[in-house]
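None of the values given here were measured: they were computed from a predicted structure. For reference, positions follow the sequence shown, starting with 1.
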Amino acid sequence: MKQQHTLAKEIKIEGIGLHSGCNSTLVLHPAEAESGIVFRRSDIASLPQIKALYSNVVDTRNCTCLGDKEGNIVSTIEHLMAALNVCGIDNALIDVNNAELPIMDGSALPFYEALQKAGTVAQNAPKKVLKVLKPVSFEDDKGAKVELLPSDEFKVSFEIEFPSKIVGHQEFSGKIGEGVFASQIAPCRTFCEKYQVDYLKSIGLIKGGSLENAVVLDGESILNPGGFRLENECVNHKVIDAIGDMYTAGFALQGELRASKSGHYHNNMILQKLFADSANYEII
């Protein structure tokens, strides 16, 4: 019987929020079995807690944002959620002193390395897994599509298509385990076009954005010194987002996610479709 796990010790992570530009501090605490992943706003007197569930996602523009009925939010959770997912951490209480998690270097690697240093401890409760029983799919009117299919293990297949030759068509397909995550996926940074940066800054977003925490493309060139970290870094970063967003199911996933040109919105919608019919899944 596989057991649930939590952190072996407390972790503190500090950085800057991508959109707010404000300093953000996370303190990850071990948590009781069956509690799940919970964010707590330590900067608000009432210490509101928001569970990291797809049903608590209130915004998917540029990131995944959780919220409660009082309007409290915690945004840009996806990179940390991906690391928690792959490290097998079922339960954690995460204090954050800002509405936004730190972006770090734009990848999941700093979170993954921090979790590795902290280690995990088994708990006296069986691990629960979300098993996909029937195929479900969601497609928007722009051709972006995402599917969840039955599988014996957690797999992701992702493809993207961009006009610029420097990105172009990229694909990732494989089983998601710690080895492939650490070497091929976690180091991959968020990316955008320079014109997108200019627009987002004009409307008051990405105040903390820089070449230190994102890959910025300008036509057929990369503005970052050193270029890409890995071949297919762009699609592999989308895989980070998908792994993190899938963990808002509340359980580790046994199934295959197939995605094409999709993002946070589509990830949330496919979970909504999955949970809309109990015949689509079982908790094992």
Exercise for the section: Mind jotting down which residue pairs meet the side-chain hydrogen bond (donor to acceptor under 3.5 Å, both in side chains) criterion with at least one end in residues 218-231? Sequence neighbours excluded, please. Expected result: D105-R229

Handout entry: Note, F158 side chain near S262 side chain (heavy atom, < 4.5 Å)
Key = yes

Exercise for the section: Output all residues satisfying salt bridge (charged side-chain N to carboxylate O under 4.0 Å, His left out) with D277, sequence neighbours left out; order by chain, then residue number. Expected result: none

Problem - Gap between atom CG of L217 and atom SG of C234 - 0.5 Å precision - result: 5.5 Å

Practice task
Kindly give the heavy-atom pair with the smallest separation between I11 and A114, and that separation in Å.
Solution key: CD1-O, 3.7 Å

Exercise for the section: Kindly say whether I77 contributes a backbone atom to a donor-acceptor pair with the side chain of H79 at under 3.5 angstrom? Expected result: no

Exercise for the section: Tell me yes or no: between the side chains of E171 and H169, is some donor less than 3.5 Å from an acceptor? Expected result: yes

Practice task
Using a 4.5 Å cut-off on heavy atoms from C-beta on, say whether the side chain of K51 contacts that of N56.
Solution key: yes

Exercise for the section: May I have all residue pairs that pass side-chain hydrogen bond (donor to acceptor under 3.5 Å, both in side chains) and include part of residues 140-152, sequence neighbours excluded? Expected result: D140-H266

Practice task
Treating Ile, Leu, Val, Met, Phe, Trp and Tyr as nodes and any side-chain heavy-atom pair under 4.5 angstrom as an edge, say whether M81 and F111 lie in one connected cluster.
Solution key: yes

Practice task
Please say whether more than 12 non-hydrogen atoms of neighbouring residues, nucleotides or ligands are located less than 6.0 Å from CG in N124.
Solution key: no

Exercise for the section: Kindly indicate whether the side chain of F191, heavy atoms from C-beta on, has any atom under 4.5 Å from the side chain of K238. Expected result: yes

Fill in the blank from the handout: I166 and F228 have their tightest heavy-atom pair at O-CE1, 3.8 Å

Fill in the blank from the handout: Excluding V58, membership of its hydrophobic cluster (Ile, Leu, Val, Met, Phe, Trp, Tyr; side-chain heavy atoms within less than 4.5 Å) reads I73

Problem - E32, CD atom: more than 12 neighbouring heavy atoms under 6.0 Å - result: no

Completion exercise
Nearest heavy-atom contact between L211 and V216 is CD2-CG2, 3.6 Å

Exercise for the section: Drop me the distance from L93's CG to E10's CD, to the nearest 0.5 angstrom. Expected result: 10.0 Å

Practice task
Please assess I160 against F162 for the test side chain to side chain contact (heavy atoms under 4.5 Å, CB included), listing each intermediate value before the final yes or no.
Solution key: CA-CA 7 Å; I160 60 173; F162 281 78; 3.8 Å; yes

What donor-acceptor contacts under 3.5 angstrom involve side-chain atoms of residues 130-137, with partners at least two apart or in another chain?
none

Problem - Separation of I13 CD1 from L101 CG (nearest 0.5 Å) - result: 8.5 Å

Fill in the blank from the handout: Closest non-hydrogen contact found for V146 with L257 is CG2-CD1, 3.3 Å

Problem - Path from L66 to Y265 over hydrophobic side-chain contacts below 4.5 Å - result: no

Handout entry: In one Ile/Leu/Val/Met/Phe/Trp/Tyr side-chain cluster, 4.5 Å: I243, I37
Key = no

Handout entry: Polar contact flag, side-chain donor to acceptor under 3.5 angstrom, D245-N267
Key = yes

Fill in the blank from the handout: d(I94 CD1, L84 CG) to nearest 0.5 Å is 5.0 Å

Practice task
Among residues two or more places apart or on two chains, list those pairs meeting side-chain hydrogen bond (donor to acceptor under 3.5 Å, both in side chains) that have a residue in residues 249-258.
Solution key: S157-E256, E256-R258

Problem - Listed partners of P30 passing side chain to side chain contact (heavy atoms under 4.5 Å, CB included), at least two apart - result: T6, L7

Completion exercise
Scanning both residues in full, the closest heavy-atom pair of N23 with N97 reads O-OD1, 4.1 Å

Problem - CA sep, side-chain torsions, deciding dist, call: R41, L47, side chain to side chain contact (heavy atoms under 4.5 Å, CB included) - result: CA-CA 5 Å; R41 285 288 300 274; L47 299 176; over 6 Å; no

Problem - N232 versus N236, side-chain donor and acceptor atoms under 3.5 Å - result: no

Problem - Pairing residues for K175 by the salt bridge (charged side-chain N to carboxylate O under 4.0 Å, His left out) criterion, not counting sequence neighbours - result: E153

Handout entry: Which atom of C87 lies closest to which atom of T120, heavy atoms considered
Key = O-CG2, 4.2 Å

Handout entry: From CD1 (I240) to CD1 (I176), nearest 0.5 Å
Key = 10.5 Å

Practice task
Taking the side chain as every heavy atom from C-beta outward, state whether L18 and E100 have any atom pair closer than 4.5 Å.
Solution key: yes

Problem - Side chain proximity check, E178 to Q116, heavy atoms < 4.5 angstrom - result: yes

Exercise for the section: Evaluate the side-chain proximity of I283 to V129: yes if any heavy-atom separation is below 4.5 Å, no if none is. Expected result: no

Handout entry: Non-hydrogen side-chain atoms of L271 and T248 separated by less than 4.5 Å
Key = yes

Fill in the blank from the handout: For E34, the salt bridge (charged side-chain N to carboxylate O under 4.0 Å, His left out) test, sequence neighbours excluded, returns K128

Practice task
Give a yes or no on this: more than 12 heavy atoms of other residues, nucleotides or ligands lie within 6.0 Å of atom CD of E282.
Solution key: yes

Problem - N213 and M104: CA distance, side-chain angles, deciding distance, side chain to side chain contact (heavy atoms under 4.5 Å, CB included) verdict - result: CA-CA 6 Å; N213 53 39; M104 311 307 288; over 6 Å; no

Exercise for the section: Scan residues 84-96 for pairs that pass side-chain hydrogen bond (donor to acceptor under 3.5 Å, both in side chains), counting only residues two or more places apart or in two chains. Expected result: Q4-N91, H29-D95, R40-D95, D90-K127, N91-Q123

Handout entry: 4.5 Å side-chain heavy-atom contact, L253 and F251
Key = no

Problem - same_hphob_cluster(L80, Y112) at 4.5 Å side-chain heavy-atom cutoff - result: no

Practice task
Report the distance from atom SG of C65 to atom CG of N268, rounding to the nearest 0.5 Å.
Solution key: 11.5 Å

Handout entry: With sequence neighbours excluded, residues passing side chain to side chain contact (heavy atoms under 4.5 Å, CB included) with C63
Key = S75, T76, E78

Problem - side chain to side chain contact (heavy atoms under 4.5 Å, CB included) between I50 and V38, worked out - result: CA-CA 6 Å; I50 309 174; V38 178; over 6 Å; no

Problem - Proximity of Y247 and F154 rings by center, below 6.0 Å - result: no

Handout entry: F172 reachable from V215 in the ILVMFWY side-chain graph, under 4.5 Å edges
Key = yes

Anything under 3.5 Å between a donor and an acceptor, one on a side chain of residues 180-189, the other on a protein residue two or more places apart or in another chain? List them.
residue, atom, partner, partner atom, Å
S183, OG, G179, O, 3.0
R189, NE, E233, OE2, 2.8
R189, NH2, G227, O, 3.1
R189, NH2, E233, OE1, 3.2
R189, NH2, E233, OE2, 3.4

